[in-house]
Number of protein chains: 2
Amino acid sequence: MLKLTKRTEYGLIALVHLADQATLAPAGEPVPVVSARAIGDLFPVPRRLLAEALKQLQQDGIVNSTRGAHGGYRLSRAATEISLGEVISSLEGEPSLTSCAGLGAAGSNHSCEVEPVCPIRSPLARLRTGIWTLFEGITLQSLTDRAIDPNALFAGVAEENDGFSATG
Amino acid sequence: MLKLTKRTEYGLIALVHLADQATLAPAGEPVPVVSARAIGDLFPVPRRLLAEALKQLQQDGIVNSTRGAHGGYRLSRAATEISLGEVISSLEGEPSLTSCAGLGAAGSNHSCEVEPVCPIRSPLARLRTGIWTLFEGITLQSLTDRAIDPNALFAGVAEENDGFSATG
DNA sequence: CCAATTGGCACTAATCTAGAGCTAATCGAA
DNA sequence: TTCGATTAGCTCTAGATTAGTGCCAATTGG
């Protein structure tokens, strides 16, 4: 199915909340730390899965974590510097769209039997890149804005993307 | 996972092949009929699943089927008149992206507990629409072209979409 | 009648998802 | 030091989804 996992939803909810909190903080100061428990109290989502999502986001450098009492999470960067693509890549892996194609379309070393004659690999690879570019062009900040201009979501889509530096 | 199902892959392979065959036919004549067996002989994909995908496409009016000996499938329309969105919608349902949101964002009658406070529903609903619009703007014909201009894939993305007429 | 084909139903096995349980490590405060 | 709150890591289970197969009916042409 072409659907995000719950983990990704929960992670996005947490990130949007963290972005909100960061906005409220005075500039110059480090953004406030919010615990998974606090987020779980605000939104009716299972705390454990919320914590798992946040842990994953921490491992991929999207949030910083502080352990111990009064610990929690905060965005590692400004919300304008975090792309939806980066978040989705962290929480559910790179969207491959088809089973055969990893993102490295050039040095494909996988075992797709169809490849030599597959009539859709190349077109779908580009489509995949297109969706990915769409995600890359959407910042966490733009998700935070409640009343969003739909066209703003597509900024960057028409531009070519030559790498996925946010992932590795 | 943000991935198409095998059924969709197989269906797309079949459709691209059917589009190729239709291109070879002289204009004015009905396009040739290709059996699932023939497609299964060309591409190393399970025939049964190929047939299932084609059956689904038939039920949604994307291909026409002929039963009996020398039966098979052919595109119901020109490849330029079949959108990728229509195909994906047929083969794996409307891409909902999040678990809560059906496409009818207005009269949402579902049971998402997060909804009253969900900070991502509205933005992701627009993102979903964006992806859908992306799919709608890609024709089967453009998938058939082997060397495709990446930017061509994004035609129609920046335009607003007020309906999903291709689906029903 | 016979062979080829689509159409429909049920079934199994593998994979993925959602969620919970448990424990260790870390930190602040009493 | 002791204790509570928190993140971090691991395993486990149940459910849903996906991939694939089997079987047979209906249709069509020879």
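Chain letters run A, B, ... following the sequence lines, proteins first, then strands; residues in each count from 1. Side chains included, hydrogens not; waters and symmetry mates left out as well; all remaining heavy atoms used.
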Gap between atoms [atom1] and [atom2], on [X] and [N] respectively (whole Å):
X	N	atom1	atom2	result
A:R47	D:dT7	CZ	P	11 Å
A:N64	C:dC27	CG	C1'	16 Å
A:L49	D:dT7	CG	P	14 Å
B:E9	D:dA19	CD	C1'	12 Å
B:K3	C:dT15	NZ	P	11 Å
B:L91	D:dT18	CG	P	12 Å
B:R37	C:dG7	CZ	P	17 Å
A:Q56	D:dT7	CD	C1'	14 Å

> Residues two or more places apart in sequence or in another chain: which of them pass side-chain contact (heavy atoms from CB on, under 4.5 Å) with A:S76?
Replying inline: A:N64
> Who pairs with B:A51 by side-chain contact (heavy atoms from CB on, under 4.5 Å), at least two apart in sequence or on another chain?
Replying inline: B:A36
> Mind checking what makes salt bridge (charged side-chain N to carboxylate O under 4.0 Å, His left out) contact with B:R7, not counting sequence neighbours?
Replying inline: B:E52
How would you list, by chain and number, every residue that makes a side-chain hydrogen bond (donor to acceptor under 3.5 Å, both in side chains) with [X], sequence neighbours excluded?
X	value
B:Q21	none
A:Q58	none
A:Q59	none

What's touching nucleotides 8-10 of chain C from the protein side, N or O pairs under 3.5 Å?
{"unit_1": "C:dG8", "atom_1": "OP2", "unit_2": "B:Q59", "atom_2": "NE2", "d": "3.0"}
{"unit_1": "C:dG8", "atom_1": "O6", "unit_2": "B:R48", "atom_2": "NH2", "d": "3.4"}

> Hey, which of these two, B:P46 or A:A38, hits DNA chain D nearer its 5' end, going by closest nucleotide?
Replying inline: A:A38
>> Counting only side-chain nitrogens and oxygens, does B:Q58 get under 4.0 Å of the OP1 or OP2 atom of C:dT6?
In response: no
> Are any of A:Y10's side-chain N or O atoms less than 4.0 Å away from OP1 or OP2 of C:dG19?
Replying inline: yes
>> So if I take residues 66-75 of chain B and measure heavy-atom distances to DNA chain C, which residues fall below 4.0 Å?
In response: B:T66, B:R67, B:G68, B:A69, B:G71, B:G72, B:Y73
>> Salt bridge check, B:E92 against A:K3: does any charged N sit closer than 4.0 Å to a carboxylate O?
In response: no
>> By the side chain to side chain donor-acceptor pair (under 3.5 Å) test, which pairs, at least two apart or in different chains, include something from residues 32-47 of chain B?
In response: B:D41-B:R47
>> Of the listed nucleotides (D:dT7, C:dA18, C:dT6), which one gets closest to any side-chain atom of B:S35?
In response: C:dT6
> Shortest non-hydrogen contact from B:A53 to B:L91?
Replying inline: O-CD2, 3.6 Å
>> At 4.0 Å (heavy atoms only), tell me whether A:A36 reaches a base, stays on the sugar-phosphate, or touches nothing.
In response: sugar-phosphate
